[in-house]
Amino acid sequence: MFNASDLRKGLKIEIDGQPYAITDFTFTKPGKGQSIYTCKMKNMINGSTLTRQYRSNDKMDKPQLEQVKLQYSYQDGDDYVFMNDDYEQVSVSSDALGNAVNFLVEDMTVEILYHNDKPIAVELPIFIEKEIVYTEPGARGNTATNVLKPAKIDTGFEIQVPIFINQGDIVKIDTRTGEYVERVATA
Amino acid sequence: MSEGGSRRSDVLRLRSGVLQAIRSFFVERDYIEVETPVRLPAPALELHIDAEPSGDWWLRTSPELHLKRLLAAGHSRIFELGPCFRKAERGTLHRPEFTMLEWYRGDADYHDTLAETRDLVIHVATEVLGVARIQRNGTAVDLSADWVVSTVADAFTSHAGWDPVSEYDADRFDLDLVGRVEPALPDHLPAVLMDYPVEAAALARCRPGPPAVAERWELYIAGLELANAFGELTDPVEQRLRFTECSEARKRAKKEVYPLDEPFLEALESGVKPCSGVALGVDRLVMLLGDFSDIGDVRAF
(Lines give C-alpha, C1' and ligand atoms only; values in the text may rest on other atoms or scores of the structure.)
Protein backbone atom coordinates (compact mmCIF):
# COMPACT_ATOMS: atom_id res chain seq x y z
CA MET A 1 0.00 0.00 0.00
CA PHE A 2 1.02 3.58 -0.63
CA ASN A 3 0.12 6.58 1.53
CA ALA A 4 -0.90 9.94 0.11
CA SER A 5 2.53 11.27 1.10
CA ASP A 6 4.15 8.75 -1.28
CA LEU A 7 2.33 10.21 -4.30
CA ARG A 8 4.57 11.84 -6.88
CA LYS A 9 5.04 12.04 -10.62
CA GLY A 10 6.09 8.66 -12.01
CA LEU A 11 4.66 6.57 -9.14
CA LYS A 12 2.59 3.59 -10.26
CA ILE A 13 -0.57 2.74 -8.35
CA GLU A 14 -3.43 0.29 -8.84
CA ILE A 15 -7.10 1.28 -9.14
CA ASP A 16 -9.83 -1.32 -9.68
CA GLY A 17 -7.23 -3.90 -10.64
CA GLN A 18 -5.64 -1.70 -13.31
CA PRO A 19 -2.10 -0.29 -13.10
CA TYR A 20 -1.80 3.50 -13.50
CA ALA A 21 1.29 5.68 -13.85
CA ILE A 22 1.04 9.19 -12.36
CA THR A 23 1.85 11.71 -15.10
CA ASP A 24 1.15 14.93 -13.22
CA PHE A 25 0.96 15.63 -9.50
CA THR A 26 -0.05 18.68 -7.49
CA PHE A 27 -0.18 19.21 -3.75
CA THR A 28 -2.75 21.75 -2.61
CA LYS A 29 -3.92 22.74 0.82
CA PRO A 30 -6.75 25.22 0.93
CA GLY A 31 -6.43 27.64 3.85
CA LYS A 32 -7.31 25.80 7.08
CA GLY A 33 -8.33 22.75 5.06
CA GLN A 34 -6.80 19.35 4.62
CA SER A 35 -4.10 18.47 2.09
CA ILE A 36 -5.40 17.45 -1.33
CA TYR A 37 -3.18 15.46 -3.65
CA THR A 38 -4.39 15.75 -7.24
CA CYS A 39 -3.01 13.09 -9.58
CA LYS A 40 -3.36 12.86 -13.32
CA MET A 41 -2.59 9.35 -14.43
CA LYS A 42 -2.44 7.04 -17.38
CA ASN A 43 -3.72 3.50 -17.50
CA MET A 44 -0.65 1.39 -18.29
CA ILE A 45 -2.68 -1.17 -20.22
CA ASN A 46 -5.05 0.84 -22.42
CA GLY A 47 -3.53 4.34 -22.19
CA SER A 48 -6.73 6.03 -20.96
CA THR A 49 -6.23 8.97 -18.61
CA LEU A 50 -7.81 9.71 -15.24
CA THR A 51 -7.68 12.50 -12.65
CA ARG A 52 -8.17 11.66 -8.98
CA GLN A 53 -7.93 13.63 -5.76
CA TYR A 54 -6.64 12.01 -2.60
CA ARG A 55 -6.61 13.17 1.02
CA SER A 56 -3.88 12.59 3.62
CA ASN A 57 -5.51 9.49 5.07
CA ASP A 58 -6.19 7.77 1.75
CA LYS A 59 -4.25 4.66 0.84
CA MET A 60 -3.43 3.44 -2.64
CA ASP A 61 -2.84 -0.11 -3.81
CA LYS A 62 0.55 -1.02 -5.19
CA PRO A 63 0.42 -2.82 -8.55
CA GLN A 64 2.42 -5.98 -8.91
CA LEU A 65 4.71 -5.08 -11.80
CA GLU A 66 7.78 -6.82 -13.07
CA GLN A 67 10.09 -5.77 -15.89
CA VAL A 68 11.78 -8.71 -17.60
CA LYS A 69 14.59 -8.67 -20.20
CA LEU A 70 14.02 -11.22 -22.96
CA GLN A 71 15.78 -12.15 -26.19
CA TYR A 72 13.60 -12.77 -29.25
CA SER A 73 13.96 -16.19 -30.91
CA TYR A 74 11.20 -17.03 -33.36
CA GLN A 75 7.54 -16.81 -34.26
CA ASP A 76 5.35 -19.82 -33.55
CA GLY A 77 1.93 -19.24 -35.07
CA ASP A 78 0.25 -16.48 -33.06
CA ASP A 79 2.87 -16.66 -30.36
CA TYR A 80 6.33 -15.18 -30.23
CA VAL A 81 8.99 -17.14 -28.43
CA PHE A 82 11.66 -15.41 -26.35
CA MET A 83 14.53 -16.62 -24.19
CA ASN A 84 15.02 -15.36 -20.64
CA ASP A 85 18.29 -14.96 -18.70
CA ASP A 86 18.07 -18.59 -17.58
CA TYR A 87 17.81 -19.77 -21.21
CA GLU A 88 14.18 -20.76 -20.70
CA GLN A 89 11.67 -20.23 -23.47
CA VAL A 90 8.88 -17.72 -22.80
CA SER A 91 5.89 -17.39 -25.12
CA VAL A 92 4.17 -14.03 -25.57
CA SER A 93 0.99 -13.66 -27.62
CA SER A 94 0.83 -11.22 -30.53
CA ASP A 95 -2.02 -9.40 -28.68
CA ALA A 96 0.27 -8.50 -25.80
CA LEU A 97 3.06 -7.41 -28.14
CA GLY A 98 0.88 -5.05 -30.19
CA ASN A 99 2.79 -3.02 -32.78
CA ALA A 100 6.09 -4.40 -31.51
CA VAL A 101 5.61 -7.56 -33.63
CA ASN A 102 6.41 -5.46 -36.71
CA PHE A 103 9.89 -4.67 -35.47
CA LEU A 104 11.11 -7.89 -33.91
CA VAL A 105 14.52 -9.00 -35.12
CA GLU A 106 16.09 -12.30 -34.20
CA ASP A 107 18.31 -12.12 -31.06
CA MET A 108 16.99 -8.62 -30.26
CA THR A 109 16.72 -7.84 -26.53
CA VAL A 110 13.36 -6.43 -25.49
CA GLU A 111 11.96 -5.48 -22.09
CA ILE A 112 8.50 -6.77 -21.26
CA LEU A 113 6.47 -5.33 -18.40
CA TYR A 114 4.29 -7.83 -16.58
CA HIS A 115 1.29 -6.90 -14.44
CA ASN A 116 0.12 -9.81 -12.26
CA ASP A 117 2.20 -12.08 -14.51
CA LYS A 118 0.42 -10.83 -17.64
CA PRO A 119 2.55 -9.00 -20.24
CA ILE A 120 1.17 -5.47 -20.72
CA ALA A 121 3.89 -3.48 -22.46
CA VAL A 122 6.95 -4.08 -24.58
CA GLU A 123 9.94 -1.84 -24.80
CA LEU A 124 12.03 -2.28 -27.96
CA PRO A 125 15.40 -0.80 -28.80
CA ILE A 126 14.65 2.67 -30.25
CA PHE A 127 16.34 1.92 -33.58
CA ILE A 128 16.32 -1.32 -35.54
CA GLU A 129 17.71 -2.25 -38.94
CA LYS A 130 15.51 -4.07 -41.44
CA GLU A 131 15.80 -5.21 -45.03
CA ILE A 132 13.32 -3.87 -47.56
CA VAL A 133 11.69 -6.96 -49.09
CA TYR A 134 9.52 -5.10 -51.54
CA THR A 135 9.22 -1.61 -52.98
CA GLU A 136 8.59 -0.15 -56.44
CA PRO A 137 11.91 0.66 -58.16
CA GLY A 138 13.01 4.23 -57.41
CA ALA A 139 14.11 6.83 -59.90
CA ARG A 140 17.87 6.43 -60.15
CA GLY A 141 19.76 9.52 -59.04
CA ASN A 142 16.80 10.98 -57.17
CA THR A 143 18.21 11.74 -53.75
CA ALA A 144 15.27 13.76 -52.47
CA THR A 145 14.32 12.67 -48.96
CA ASN A 146 11.00 14.46 -48.86
CA VAL A 147 9.33 12.36 -51.55
CA LEU A 148 8.15 9.10 -50.01
CA LYS A 149 6.86 5.77 -51.24
CA PRO A 150 5.64 2.63 -49.45
CA ALA A 151 8.05 -0.22 -48.73
CA LYS A 152 7.57 -3.56 -47.02
CA ILE A 153 9.93 -5.07 -44.45
CA ASP A 154 10.20 -8.81 -43.79
CA THR A 155 7.52 -8.83 -41.06
CA GLY A 156 5.03 -7.62 -43.67
CA PHE A 157 4.88 -4.14 -42.07
CA GLU A 158 4.79 -1.23 -44.49
CA ILE A 159 6.84 1.91 -43.88
CA GLN A 160 7.32 5.08 -45.91
CA VAL A 161 10.79 5.47 -47.43
CA PRO A 162 12.44 8.03 -49.74
CA ILE A 163 12.12 7.39 -53.45
CA PHE A 164 15.79 6.31 -53.87
CA ILE A 165 15.45 3.23 -51.64
CA ASN A 166 15.53 -0.11 -53.48
CA GLN A 167 14.45 -3.63 -52.73
CA GLY A 168 17.22 -5.33 -50.71
CA ASP A 169 18.45 -2.11 -49.04
CA ILE A 170 18.92 -2.17 -45.28
CA VAL A 171 17.28 0.76 -43.50
CA LYS A 172 17.20 2.09 -39.96
CA ILE A 173 13.69 2.49 -38.42
CA ASP A 174 12.54 4.33 -35.30
CA THR A 175 10.39 1.80 -33.43
CA ARG A 176 8.54 4.51 -31.46
CA THR A 177 7.06 6.06 -34.59
CA GLY A 178 7.60 3.38 -37.24
CA GLU A 179 9.39 5.98 -39.35
CA TYR A 180 12.36 5.54 -41.70
CA VAL A 181 15.54 7.14 -40.33
CA GLU A 182 18.32 6.42 -42.83
CA ARG A 183 19.75 3.89 -45.28
CA VAL A 184 22.37 1.64 -43.70
CA ALA A 185 23.42 -0.45 -46.72
CA THR A 186 22.52 -0.74 -50.38
CA ALA A 187 21.46 -3.91 -52.11
CA MET B 1 25.83 35.59 -15.50
CA SER B 2 23.42 33.00 -16.90
CA GLU B 3 19.86 33.94 -17.79
CA GLY B 4 18.60 31.88 -14.85
CA GLY B 5 21.03 33.72 -12.61
CA SER B 6 19.87 37.17 -13.68
CA ARG B 7 16.20 36.19 -13.27
CA ARG B 8 17.25 35.09 -9.78
CA SER B 9 18.82 38.42 -8.89
CA ASP B 10 15.79 40.24 -10.35
CA VAL B 11 13.44 38.25 -8.16
CA LEU B 12 15.39 39.11 -5.01
CA ARG B 13 15.21 42.78 -5.96
CA LEU B 14 11.46 42.41 -6.54
CA ARG B 15 11.07 40.58 -3.25
CA SER B 16 12.99 43.25 -1.37
CA GLY B 17 10.76 45.89 -2.98
CA VAL B 18 7.67 44.03 -1.82
CA LEU B 19 8.94 43.87 1.77
CA GLN B 20 9.75 47.62 1.76
CA ALA B 21 6.35 48.47 0.25
CA ILE B 22 4.52 46.40 2.86
CA ARG B 23 6.38 48.17 5.65
CA SER B 24 5.81 51.65 4.19
CA PHE B 25 2.08 50.92 3.79
CA PHE B 26 1.61 50.00 7.44
CA VAL B 27 3.91 52.63 8.85
CA GLU B 28 1.95 55.31 6.94
CA ARG B 29 -1.22 53.96 8.54
CA ASP B 30 0.20 54.24 12.04
CA TYR B 31 0.80 50.53 12.55
CA ILE B 32 3.79 49.35 14.51
CA GLU B 33 5.97 46.47 13.37
CA VAL B 34 6.39 43.81 16.07
CA GLU B 35 8.39 40.62 16.47
CA THR B 36 6.90 37.68 18.36
CA PRO B 37 8.52 34.35 19.30
CA VAL B 38 9.24 31.82 16.57
CA ARG B 39 9.72 28.89 18.96
CA LEU B 40 6.65 28.16 21.08
CA PRO B 41 5.57 25.82 23.90
CA ALA B 42 2.00 25.77 22.54
CA PRO B 43 1.44 26.29 18.81
CA ALA B 44 -2.08 27.18 17.63
CA LEU B 45 -4.40 24.19 17.48
CA GLU B 46 -5.77 23.54 14.01
CA LEU B 47 -6.97 20.18 12.75
CA HIS B 48 -5.05 20.32 9.47
CA ILE B 49 -1.97 22.36 10.37
CA ASP B 50 0.97 20.46 11.87
CA ALA B 51 3.82 22.17 13.69
CA GLU B 52 7.49 21.30 13.23
CA PRO B 53 9.02 20.16 16.54
CA SER B 54 11.97 22.13 17.92
CA GLY B 55 13.38 20.37 20.96
CA ASP B 56 10.50 19.98 23.42
CA TRP B 57 8.72 22.94 21.80
CA TRP B 58 7.52 23.72 18.27
CA LEU B 59 8.17 26.29 15.55
CA ARG B 60 5.25 28.64 15.02
CA THR B 61 2.76 27.89 12.26
CA SER B 62 1.56 31.52 12.48
CA PRO B 63 2.19 34.45 14.85
CA GLU B 64 -1.55 34.73 15.49
CA LEU B 65 -1.82 33.93 19.20
CA HIS B 66 1.01 36.22 20.26
CA LEU B 67 -0.26 39.07 18.12
CA LYS B 68 -3.65 38.77 19.81
CA ARG B 69 -1.90 38.92 23.18
CA LEU B 70 -0.43 42.25 22.07
CA LEU B 71 -3.95 43.43 21.16
CA ALA B 72 -5.10 42.43 24.66
CA ALA B 73 -2.18 44.46 26.02
CA GLY B 74 -3.67 47.53 24.34
CA HIS B 75 -1.90 47.79 20.97
CA SER B 76 -4.52 48.37 18.32
CA ARG B 77 -2.54 48.45 15.06
CA ILE B 78 0.23 45.89 14.72
CA PHE B 79 1.89 43.91 11.96
CA GLU B 80 4.56 41.25 11.76
CA LEU B 81 6.60 39.94 8.84
CA GLY B 82 8.52 36.75 9.34
CA PRO B 83 9.02 33.04 8.84
CA CYS B 84 6.39 30.43 9.72
CA PHE B 85 6.74 26.67 9.55
CA ARG B 86 4.28 23.94 8.64
CA LYS B 87 5.24 20.32 8.64
CA ALA B 88 5.08 18.32 5.40
CA GLU B 89 3.64 21.11 3.27
CA ARG B 90 5.56 21.07 0.03
CA GLY B 91 4.33 21.78 -3.48
CA THR B 92 4.44 24.53 -6.09
CA LEU B 93 2.49 26.78 -3.68
CA HIS B 94 3.82 25.45 -0.37
CA ARG B 95 7.11 25.30 1.49
CA PRO B 96 7.57 23.94 5.01
CA GLU B 97 9.20 27.33 5.77
CA PHE B 98 7.57 30.39 4.28
CA THR B 99 7.21 34.11 4.93
CA MET B 100 3.99 35.38 6.43
CA LEU B 101 2.61 38.86 6.87
CA GLU B 102 0.00 39.18 9.61
CA TRP B 103 -1.68 42.32 10.79
CA TYR B 104 -4.34 43.04 13.37
CA ARG B 105 -6.55 45.99 13.96
CA GLY B 106 -8.65 46.72 16.99
CA ASP B 107 -12.03 48.35 16.43
CA ALA B 108 -12.23 47.01 12.91
CA ASP B 109 -14.34 44.26 11.42
CA TYR B 110 -13.53 41.85 8.63
CA HIS B 111 -15.09 44.18 6.03
CA ASP B 112 -12.68 46.92 7.11
CA THR B 113 -9.66 44.62 6.82
CA LEU B 114 -10.83 43.47 3.37
CA ALA B 115 -10.89 47.09 2.19
CA GLU B 116 -7.45 47.58 3.77
CA THR B 117 -6.09 44.46 2.05
CA ARG B 118 -7.24 45.86 -1.28
CA ASP B 119 -5.40 49.12 -0.52
CA LEU B 120 -2.30 47.15 0.48
CA VAL B 121 -2.22 45.01 -2.68
CA ILE B 122 -2.67 48.08 -4.89
CA HIS B 123 0.01 49.99 -2.94
CA VAL B 124 2.59 47.18 -3.16
CA ALA B 125 1.96 46.55 -6.88
CA THR B 126 2.19 50.26 -7.66
CA GLU B 127 5.42 50.62 -5.66
CA VAL B 128 7.22 47.69 -7.29
CA LEU B 129 5.66 47.55 -10.77
CA GLY B 130 4.52 51.14 -11.28
CA VAL B 131 0.94 49.98 -12.01
CA ALA B 132 -1.79 48.14 -10.13
CA ARG B 133 -1.94 45.50 -12.82
CA ILE B 134 -0.21 42.14 -13.16
CA GLN B 135 0.16 39.47 -15.83
CA ARG B 136 -0.67 35.95 -14.75
CA ASN B 137 -0.34 33.02 -17.17
CA GLY B 138 -0.89 35.42 -20.08
CA THR B 139 -3.97 37.11 -18.56
CA ALA B 140 -3.95 40.71 -17.33
CA VAL B 141 -5.31 41.08 -13.81
CA ASP B 142 -6.51 44.54 -12.82
CA LEU B 143 -5.89 44.78 -9.08
CA SER B 144 -7.66 48.13 -8.71
CA ALA B 145 -10.92 47.04 -10.36
CA ASP B 146 -13.81 46.09 -8.08
CA TRP B 147 -13.00 42.81 -6.37
CA VAL B 148 -15.49 40.00 -6.91
CA VAL B 149 -16.90 39.06 -3.52
CA SER B 150 -19.13 36.02 -3.09
CA THR B 151 -20.30 34.13 -0.06
CA VAL B 152 -19.14 30.56 0.40
CA ALA B 153 -22.80 29.49 0.30
CA ASP B 154 -23.36 31.14 -3.12
CA ALA B 155 -20.06 29.98 -4.61
CA PHE B 156 -20.62 26.36 -3.58
CA THR B 157 -24.27 26.37 -4.65
CA SER B 158 -23.29 27.68 -8.11
CA HIS B 159 -20.19 25.59 -8.75
CA ALA B 160 -20.48 22.48 -6.58
CA GLY B 161 -24.25 22.13 -6.35
CA TRP B 162 -24.59 22.16 -2.55
CA ASP B 163 -24.51 24.60 0.37
CA PRO B 164 -21.93 23.76 3.06
CA VAL B 165 -23.22 26.54 5.33
CA SER B 166 -26.61 24.91 5.84
CA GLU B 167 -25.19 21.40 6.07
CA TYR B 168 -21.44 20.91 6.50
CA ASP B 169 -19.46 17.95 5.20
CA ALA B 170 -15.76 18.44 5.95
CA ASP B 171 -14.42 15.96 3.40
CA ARG B 172 -16.59 17.14 0.58
CA PHE B 173 -15.91 20.79 1.45
CA ASP B 174 -12.14 20.57 0.91
CA LEU B 175 -12.40 18.39 -2.20
CA ASP B 176 -15.03 20.58 -3.86
CA LEU B 177 -13.24 23.77 -2.84
CA VAL B 178 -10.08 22.63 -4.64
CA GLY B 179 -11.78 20.70 -7.45
CA ARG B 180 -14.79 22.87 -8.31
CA VAL B 181 -15.02 26.23 -6.58
CA GLU B 182 -11.45 27.52 -6.84
CA PRO B 183 -11.13 26.65 -10.55
CA ALA B 184 -14.35 28.63 -11.23
CA LEU B 185 -13.03 31.85 -9.65
CA PRO B 186 -12.31 34.67 -12.12
CA ASP B 187 -8.73 34.76 -13.42
CA HIS B 188 -8.69 38.44 -14.46
CA LEU B 189 -9.92 39.98 -11.18
CA PRO B 190 -9.19 39.47 -7.48
CA ALA B 191 -11.89 37.30 -5.93
CA VAL B 192 -12.97 36.89 -2.33
CA LEU B 193 -14.84 34.03 -0.67
CA MET B 194 -16.61 35.20 2.46
CA ASP B 195 -18.66 33.87 5.39
CA TYR B 196 -17.50 30.32 5.95
CA PRO B 197 -19.27 27.42 7.62
CA VAL B 198 -18.63 27.79 11.38
CA GLU B 199 -16.88 24.41 11.32
CA ALA B 200 -14.25 25.74 8.88
CA ALA B 201 -12.90 28.62 10.95
CA ALA B 202 -11.28 27.70 14.27
CA LEU B 203 -10.35 31.21 15.38
CA ALA B 204 -13.13 33.26 13.82
CA ARG B 205 -16.08 34.92 15.47
CA CYS B 206 -19.48 33.50 14.54
CA ARG B 207 -22.31 35.66 13.40
CA PRO B 208 -25.60 34.33 14.67
CA GLY B 209 -27.92 33.20 11.92
CA PRO B 210 -29.83 32.26 10.22
CA PRO B 211 -27.69 31.01 8.72
CA ALA B 212 -24.90 31.15 11.29
CA VAL B 213 -21.56 31.80 9.57
CA ALA B 214 -17.98 32.37 10.63
CA GLU B 215 -16.62 35.84 9.91
CA ARG B 216 -13.85 34.75 7.63
CA TRP B 217 -12.74 35.62 4.13
CA GLU B 218 -10.13 34.28 1.75
CA LEU B 219 -8.58 36.33 -1.04
CA TYR B 220 -7.69 34.75 -4.39
CA ILE B 221 -5.81 36.57 -7.10
CA ALA B 222 -5.73 34.83 -10.49
CA GLY B 223 -6.88 31.69 -8.69
CA LEU B 224 -3.97 31.80 -6.20
CA GLU B 225 -5.03 31.82 -2.56
CA LEU B 226 -3.23 34.80 -1.08
CA ALA B 227 -4.74 35.84 2.25
CA ASN B 228 -7.07 34.68 5.01
CA ALA B 229 -8.88 36.93 7.49
CA PHE B 230 -11.12 36.61 10.48
CA GLY B 231 -13.42 38.72 12.48
CA GLU B 232 -11.45 37.46 15.47
CA LEU B 233 -12.96 35.28 18.13
CA THR B 234 -12.39 37.12 21.41
CA ASP B 235 -14.69 35.13 23.73
CA PRO B 236 -12.36 33.17 26.07
CA VAL B 237 -14.95 30.52 26.93
CA GLU B 238 -15.80 29.79 23.31
CA GLN B 239 -12.08 29.81 22.39
CA ARG B 240 -11.19 27.27 25.10
CA LEU B 241 -14.07 25.06 23.97
CA ARG B 242 -12.90 25.16 20.34
CA PHE B 243 -9.29 24.39 21.31
CA THR B 244 -10.49 21.44 23.39
CA GLU B 245 -12.67 20.15 20.55
CA CYS B 246 -9.77 20.54 18.15
CA SER B 247 -7.45 18.61 20.50
CA GLU B 248 -10.02 15.80 20.57
CA ALA B 249 -10.30 15.83 16.77
CA ARG B 250 -6.50 15.72 16.42
CA LYS B 251 -6.35 12.83 18.86
CA ARG B 252 -8.99 10.93 16.85
CA ALA B 253 -7.03 11.61 13.66
CA LYS B 254 -3.90 10.22 15.41
CA LYS B 255 -2.16 13.58 15.11
CA GLU B 256 0.14 15.15 17.67
CA VAL B 257 -1.81 17.19 20.24
CA TYR B 258 -0.25 20.45 21.43
CA PRO B 259 -0.74 21.98 24.88
CA LEU B 260 -3.33 24.76 25.21
CA ASP B 261 -1.80 28.22 25.07
CA GLU B 262 -2.91 29.30 28.56
CA PRO B 263 -1.30 32.80 28.48
CA PHE B 264 -3.27 33.44 25.27
CA LEU B 265 -6.53 32.29 26.87
CA GLU B 266 -5.76 34.47 29.93
CA ALA B 267 -5.21 37.43 27.62
CA LEU B 268 -8.66 36.88 26.10
CA GLU B 269 -10.11 36.69 29.63
CA SER B 270 -8.58 40.09 30.40
CA GLY B 271 -10.67 41.43 27.52
CA VAL B 272 -9.90 42.02 23.86
CA LYS B 273 -11.96 44.53 21.90
CA PRO B 274 -13.61 43.40 18.65
CA CYS B 275 -10.88 43.15 16.04
CA SER B 276 -9.96 41.65 12.72
CA GLY B 277 -6.70 40.17 11.50
CA VAL B 278 -5.29 39.12 8.14
CA ALA B 279 -2.60 36.57 7.25
CA LEU B 280 -1.02 36.99 3.82
CA GLY B 281 1.54 34.73 2.14
CA VAL B 282 4.40 37.03 1.13
CA ASP B 283 6.05 34.45 -1.15
CA ARG B 284 2.81 34.08 -3.07
CA LEU B 285 2.45 37.85 -3.39
CA VAL B 286 5.93 37.94 -4.96
CA MET B 287 4.91 35.04 -7.25
CA LEU B 288 1.90 37.03 -8.43
CA LEU B 289 3.79 40.30 -8.96
CA GLY B 290 6.62 38.59 -10.87
CA ASP B 291 4.44 35.99 -12.65
CA PHE B 292 6.28 33.02 -11.16
CA SER B 293 4.59 29.62 -11.02
CA ASP B 294 6.66 27.91 -8.33
CA ILE B 295 7.13 29.26 -4.81
CA GLY B 296 10.73 27.97 -4.93
CA ASP B 297 11.43 30.56 -7.67
CA VAL B 298 10.81 33.52 -5.37
CA ARG B 299 12.83 32.47 -2.33
CA ALA B 300 16.60 32.96 -2.15
CA PHE B 301 17.10 29.47 -0.71
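The shown structure was predicted, so the numbers you read here are calculated from the model rather than taken from an experiment. Naming convention: chains lettered A, B, ... in sequence-line order (proteins, then strands); numbering from 1 in each chain.
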Quiz item: If only atom types and distance count, is the side chain of K130(A) paired as donor or acceptor with the main-chain N or O of D154(A) below 3.5 Å?
Solution: no
Quiz item: Is there side-chain contact between Q71(A) and F82(A), with at least one heavy-atom pair below 4.5 Å?
Solution: no
Quiz prompt | Contacts of residues 91-127 of chain A with chain B (heavy atom under 4.5 Å) | solution = none
Quiz item: Which bit of A170(B) comes within less than 4.5 Å of chain A, counting heavy atoms only: side chain, backbone, both or neither?
Solution: backbone
Quiz item: For D174(B), is it the side chain, the backbone, both or neither that has a heavy atom under 4.5 Å from a heavy atom of chain A?
Solution: both
Quiz prompt | Backbone of D169(A) reached by a side-chain donor or acceptor of N166(A) within 3.5 Å | solution = no
Quiz item: Under 3.5 Å, side chain of K251(B) to main-chain N/O of C246(B), donor-acceptor pair present?
Solution: no
Exercise. Walk me through it: do R136(B) and D187(B) pass the test salt bridge (Lys or Arg N to Asp or Glu O under 4.0 Å)?
Key: CA-CA 8 Å; R136(B) 187 73 182 160; D187(B) 58 0; over 6 Å; no
Self-check item: Donor-acceptor contact below 3.5 Å, side chain N3(A) vs main chain S5(A)
Solution: no
Quiz item: Looking only at side chains, do S62(B) and E102(B) share a donor and an acceptor under 3.5 Å apart?
Solution: yes
Quiz prompt | Contact residues of residues 31-70 of chain A (partner chain B; heavy-atom separation under 4.5 angstrom) | solution = G31(A), K32(A), G33(A), Q34(A), I36(A), Q53(A), R55(A)
Quiz item: Under a 4.5 Å heavy-atom cut-off, does chain A meet the side chain of L177(B), its backbone, both or neither?
Solution: side chain
Exercise. Compute the ring centroids of F156(B) and F173(B), then answer whether they are less than 6.0 Å apart.
Key: yes
Quiz item: Has the side chain of R8(A) got a donor or acceptor atom that lies under 3.5 Å from a matching backbone atom of D6(A)?
Solution: yes
Quiz prompt | Residues of residues 83-95 of chain B within contact distance of chain A, non-hydrogen under 4.5 Å | solution = A88(B), E89(B), R90(B), G91(B), H94(B)
Exercise. Determine whether R207(B) and Y110(B) make a side-chain contact, defined as any pair of heavy atoms from C-beta on separated by less than 4.5 Å.
Key: yes
Exercise. List the steps, then state whether side chain to side chain donor-acceptor pair (under 3.5 Å) holds for Q167(A) with Y134(A).
Key: CA-CA 5 Å; Q167(A) 201 164 304; Y134(A) 180 76; 5.9 Å; no
Quiz item: Residue by residue, which of residues 211-220 of chain B have a heavy atom closer than 4.5 Å to a heavy atom belonging to chain A?
Solution: R216(B), E218(B)
Practice problem: Keeping the roles fixed (side chain from S158(B), backbone from A155(B)), state whether a donor-acceptor pair exists under 3.5 Å. | Solution: no
Quiz item: Between R284(B) (side chain) and E225(B) (backbone), is there a donor-acceptor pair under 3.5 Å?
Solution: yes
Practice problem: For the residue pair W103(B) and E116(B), confirm or rule out a side-chain donor-acceptor distance under 3.5 Å. | Solution: yes
Exercise. Measure from the side-chain N and O atoms of E232(B) to the backbone N and O of G277(B), and report whether any donor-acceptor pair falls under 3.5 Å.
Key: yes
Quiz item: Is the side chain of R250(B) donor-acceptor paired with the backbone N or O of E46(B) at a distance under 3.5 Å, no angle test?
Solution: yes
Quiz item: Within the distance-only criterion (no hydrogens, no angle test), does the side chain of N84(A) pair as donor or acceptor with the backbone N or O of E88(A) below 3.5 angstrom?
Solution: yes
Practice problem: Pick one of side chain, backbone, both or neither for T26(A), based on which atoms fall under 4.5 Å of a heavy atom in chain B. | Solution: neither
Exercise. Verify whether one side chain among Y180(A) and E182(A) offers a donor that lies under 3.5 Å from an acceptor in the other.
Key: no
